[in-house]
2 protein chains.
Amino acid sequence: MDVKKQATIVDVAKKAGVSVATVSRVVNGNYPVKQDTKERVKEAISSLNYVPNVQARELNTRKSSTIGVVVPGLHNMFFAEVIDGIEDAVRQDGFSFLLNCAKNDPMQEMNAINALVARNVSGIIVISPNTKNISERFYEELVARVPLVFINGYHRIKGVSYVGNDEKLGSQMALEYLSGLGHKDIMFVRGAKSDSYDIKEEAYRQFMEANGSLREDYILNIGEGNGVETVDSAMNALQGLIPRLKPTAICCCNDLMAVGALNACKRLGLSVPKDISIMGYDNISLSRLVEPKITTMDQNMFQLGSNAAKLLIENIHGGQSKRIMLDNVLIERETTGISM
Amino acid sequence: MDVKKQATIVDVAKKAGVSVATVSRVVNGNYPVKQDTKERVKEAISSLNYVPNVQARELNTRKSSTIGVVVPGLHNMFFAEVIDGIEDAVRQDGFSFLLNCAKNDPMQEMNAINALVARNVSGIIVISPNTKNISERFYEELVARVPLVFINGYHRIKGVSYVGNDEKLGSQMALEYLSGLGHKDIMFVRGAKSDSYDIKEEAYRQFMEANGSLREDYILNIGEGNGVETVDSAMNALQGLIPRLKPTAICCCNDLMAVGALNACKRLGLSVPKDISIMGYDNISLSRLVEPKITTMDQNMFQLGSNAAKLLIENIHGGQSKRIMLDNVLIERETTGISM
DNA sequence: GCTAAAATAGAAAGCGATTTCTGTGTGATA
DNA sequence: TATCACACAGAAATCGCTTTCTATTTTAGC
C-alpha cells in the first residue's frame with residue numbers, strides 16, 4: 001500500500017513562509033499572531049491537509065489525552081454497556097481511549113496494563129471482577145505512576161478511585177422485595193469465583209437465616225464462565241433442580257442467569273411469574289428484551305462507565321481520588337409476582 | 001494526585017553506567033551487546049520499573065502499532081461482537097486499538113477519523129452501516145494516507161479493503177429455506193436507512209416476485225433506531241399486523257427484529273414455530289439466548305472483526321488491499337418449521 | 001604475532017511538535 | 001522626541017527514543 005507521507009509542521013511553515021513556532025501558535029491559539037499571517041498559515045494547513053501529530057505534541061508536553069480501559073471481554077453485554085458509558089464521557093473531554101481485554105486472566109491483565117503505561121496513557125480504568133486474581137503490590141506501584149479507577153471490584157488500595165455500588169445492599173433489597181411478595185422458598189443462583197457473587201451470597205445467607213429459612217440446597221453455584229454461556233449453564237442446572245426443590249422464587253446474581261432460569265421454567269412448562277418468580281441483577285439490555293421482561297436490580301452500567309471516566313479525568317487533572325457509590329434501584333418488570 | 005515521573009532511558013543509562021544507545025539496544029535486542037553489560041542494563045531497568053515510551057519510539061521510527069476502530073456504538077451487540085474479534089486479532093500482533101463511536105452521525109464519523117489520524121494510527125477499521133452518510137472524497141483522500149478496512153458496508157472506493165458477506169445471497173438462502181419449508185406468506189421486516197436493509201429488501205422482492213407472491217403490505221419498515229429499541233419497535237408494529245395479514249413466516253433483517261417478532265407472537269398467543277416461523281439475520285448471541293432459540297443467518301461477527309484486523313495489519317505491512325467475503329451459513333434453530 | 005573482520009559501545013542527529021528566550025517593529029505615554 | 005510596553009515572529013532547546021556514524025576492542029585466520 002502506497003502511503004503518502006503526512007504533512008508536518010515544517011511543511012506547513014515552509015509553504016506559509018513562516019517559522020514552525022508560528023504555525024504551532026496558530027494551531028494552538030495560545031499566543032498572538034497577526035491576522036493575515038494567521039490566514040496564510042491556515043490556508044497552508046488546509047491545502048496540505050495538515051493534522052498535527054499528537055504523539056509528538058504529547059511527547060513534548062508530557063501530557064496525554066488518551067486513557068486506557070481494561071475489561072475482561074466484550075462477550076458479556078455488561079462490559080459493552082460500561083464501555084459505552086466510558087466512551088461517551090471520554091469523548092466529551094476530548095480524550096480517546098485504548099481498549100484491552102484481559103479475559104479474566106491476571107497475567108493478561110498485567111500485560112495489558114503495562115502496554116497502556118508504555119503508550120503513555122494518562123489514566124487507566126480497570127474492571128476486574130475477581131480481585132483475588134490481582135496482586136495488590138502491582139496496583140500499588142501502578143497508582144504511584146498513573147491515576148487509576150476501578151469499577152465494581154472490592155479494591156481497597158489507597159489512592160485508587162472507585163465506582164461501583166453496594167451490591168450487598170442491592171441483594172438485600174431484592175430479597176426484601178421478594179419476601180414482601182410473600183416468597184419464602186427462594187433459591188439463590190451464583191457463579192464461581194467472583195467477589196460480587198460472594199458478597200451477594202453473604203447477603204442471601206444473612207437474610208434467609210434471619211427469616212429462619214436458610215437451606216443449603218437452595219444455593220446453586222453454576223460454576224465458571226463469564227459470557228453468554230452462563231445462560232445455558234443456569235438453565236441446565238435449574239431444569240433438574242426446580243421440580244425437586246420447588247422454590248417459589250429464584251434470585252439470580254445477574255441477568256444472564258435469570259434468563260437461564262426463565263428458559264428453564266419455560267421448558268418445564270412453568271408460567272412466570274404465576275408459578276414462580278425470577279429476579280435478576282444488573283439490568284443489562286437483555287433483561288428487557290426477553291418475554292416476559294425480567295425484574296432486576298439496576299446497576300446502570302452506562303453510569304458506571306461515564307462516572308468512572310469523569311472521575312478519572314478529574315484525577316488526571318489533579319483531583320483527589322475518591323469512591324463513588326451509585327444508587328441501587330429495583331426495576332420491577334414482569335417476572336415477579338406474589339407467591340401463591 | 002501525586003504522579004511519580006516515569007523513568008526514562010536516560011535514567012536507566014545513568015544507573016547502568018552506559019550510554020542510552022546501549023540501553024536501547026538491549027531493549028530492542030537488534031544489535032550485539034556484551035552479556036554482562038546487558039545484565040547490568042536489565043537490572044537497572046527492572047529496579048527503575050522502566051517501561052520504554054512507545055510514543056517517543058514511534059515518533060522516531062515513524063511506525064505505529066495502534067490502529068483505530070470506528071463503530072456506530074456499542075448498544076447493539078453486533079458491534080460489540082465485531083470488536084471482540086478485532087481485539088483478539090490485534091492483540092496477537094502486538095497492536096493496540098483506539099475505539100470511537102460515531103453514533104451513525106457522518107460528522108462525528110469524520111471527527112473520529114481525524115482524531116485517529118492525528119494520533120498517528122497505522123490503520124483504521126470502519127463500520128458504517130449507512131454509506132450514504134459518507135463522503136467518498138473524504139475517504140479517497142484518507143486512504144491515500146493510511147490503510148483502511150471497511151466492514152460490511154457497500155463501499156467501492158478503490159484501495160480500500162473490505163470484509164463482509166454477500167447479504168443478497170444470504171437473504172436468498174433464508175427465503176429459499178423458508179420456501180422449502182412450505183411457506184408462501186412470508187412477511188419481510190426491515191429498518192430505515194441502511195444499505196444492508198436495501199439489499200435485503202431487493203432480494204426479498206425478487207424472490208417473492210419470482211414466486212408470484214409479492215405483496216407490498218408484507219413489507220414492514222419499522223423506521224430508524226439502531227440499538228435494542230429495535231426489538232420493541234418490531235414487536236409493536238407486528239402485534240397489530242400479524243392478526244390482519246396472517247403471514248406463516250416472518251423474515252427479519254436482523255436478530256433484534258426477530259426477537260421483536262417472537263415477542264409479538266408470544267403476546268398474540270401464537271406458538272412459534274407451530275403457528276408461525278421466524279427467521280433472523282446476523283446470529284448475535286441474543287438469538288440463542290431467547291426461548292425458543294432463533295433460526296438465523298450467521299454473519300459471524302467475530303470473524304468479521306478478526307478478519308478485518310488481520311487484513312488491515314497485512315495492508316499496513318504493505319499488502320495489497322482486497323475484499324474478503326465470508327460464507328453465509330444458515331443456523332437452523334427453533335423458530336422455524338414447516339408451514340401448515 | 002599480524003592483519004582483517006566482527007563485536008561492542010558511545011556521540012550525535014533526527015522524529016514532529018511546544019515553548020522559552022530573544023529580538024524586532026509600533027503605538028502610547030510622558 | 002525619547003521611552004516603554006506590547007504585539008508579533010524567529011531561533012533553538014527539549015521531550016524520549018532509534019539509528020547512523022565512529023571508535024575501540026576482541027576474535028579469527030594464517
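Lettering of chains follows the sequences in order, A, B, ..., and the numbering in each one begins at 1.
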Is the distance from OP1 or OP2 of [N] to the nearest side-chain N or O of [X] less than 4.0 Å?
X	N	answer
A:Asn30	C:dT19	yes
A:Asn60	C:dG16	no
A:Thr8	C:dG16	no
A:Thr37	D:dA9	yes
B:Thr22	C:dG10	yes
A:Asn53	C:dC15	no

Just checking, any donor-acceptor pair under 3.5 angstrom between side chains of A:Thr66 and B:Arg119?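 Note: A:Thr66 and B:Arg119 side chains miss the donor-acceptor criterion.
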
Does any donor atom in the side chain of B:Ser161 or B:Asn315 lie under 3.5 Å from an acceptor atom in the other side chain? yes

(message) Any salt bridge linking A:Lys310 with A:Glu314? Criterion: basic side-chain nitrogen under 4.0 Å from a carboxylate oxygen.
(response) no

Between A:Arg145 and A:Glu141, is there a salt bridge with N-O shorter than 4.0 Å?
->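 No, A:Glu141 and A:Arg145 are not salt-bridged.
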
Would you kindly give the [atom1]-to-[atom2] distance between [X] and [N], to the nearest whole Å?
X	N	atom1	atom2	result
B:Gln55	D:dT14	CD	C1'	16 Å
B:Ile45	D:dG16	CD1	C1'	14 Å
A:Lys34	C:dG25	NZ	C1'	9 Å
B:Asn28	D:dG16	CG	P	17 Å
B:Leu59	D:dT18	CG	P	11 Å
A:Asn120	D:dG16	CG	C1'	10 Å
A:Glu39	D:dC8	CD	P	13 Å
B:Glu58	D:dC17	CD	P	12 Å

Nearest of [options] to any side-chain atom of [X]?
X	options	result
B:Pro32	C:dA11, C:dA9, C:dT8	C:dT8
A:Val18	C:dA7, D:dT18, D:dG10	D:dG10
A:Ser19	D:dA12, D:dA11, D:dG16	D:dA11
B:Ile9	C:dT18, D:dT18, D:dA11	D:dT18

* Hey, does the side chain of B:Asp11 reach the backbone of B:Thr8 with a donor-acceptor pair shorter than 3.5 angstrom? -> yes

Output yes when a side-chain donor or acceptor of B:Glu87 lies under 3.5 Å from a complementary backbone atom of A:Cys101, and no otherwise.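 Flag set: sc B:Glu87 to bb A:Cys101 pair under 3.5 Å.
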
Quick one: label [X] by what it contacts on the DNA or RNA (base, sugar-phosphate, nothing), any heavy atom closer than 4.0 Å.
X	result
B:Asp11	nothing
A:Thr61	sugar-phosphate
A:Pro52	sugar-phosphate
B:Val23	nothing

Base [N] to side chain [X], donor-acceptor N/O within 3.5 Å cut-off:
X	N	result
A:Arg25	C:dT20	yes
A:Arg62	D:dG16	no
B:Tyr31	C:dT8	yes

Nearest-nucleotide check on DNA chain C, B:Ala56 vs B:Gln35; residue mapping nearer the 5' end is B:Gln35

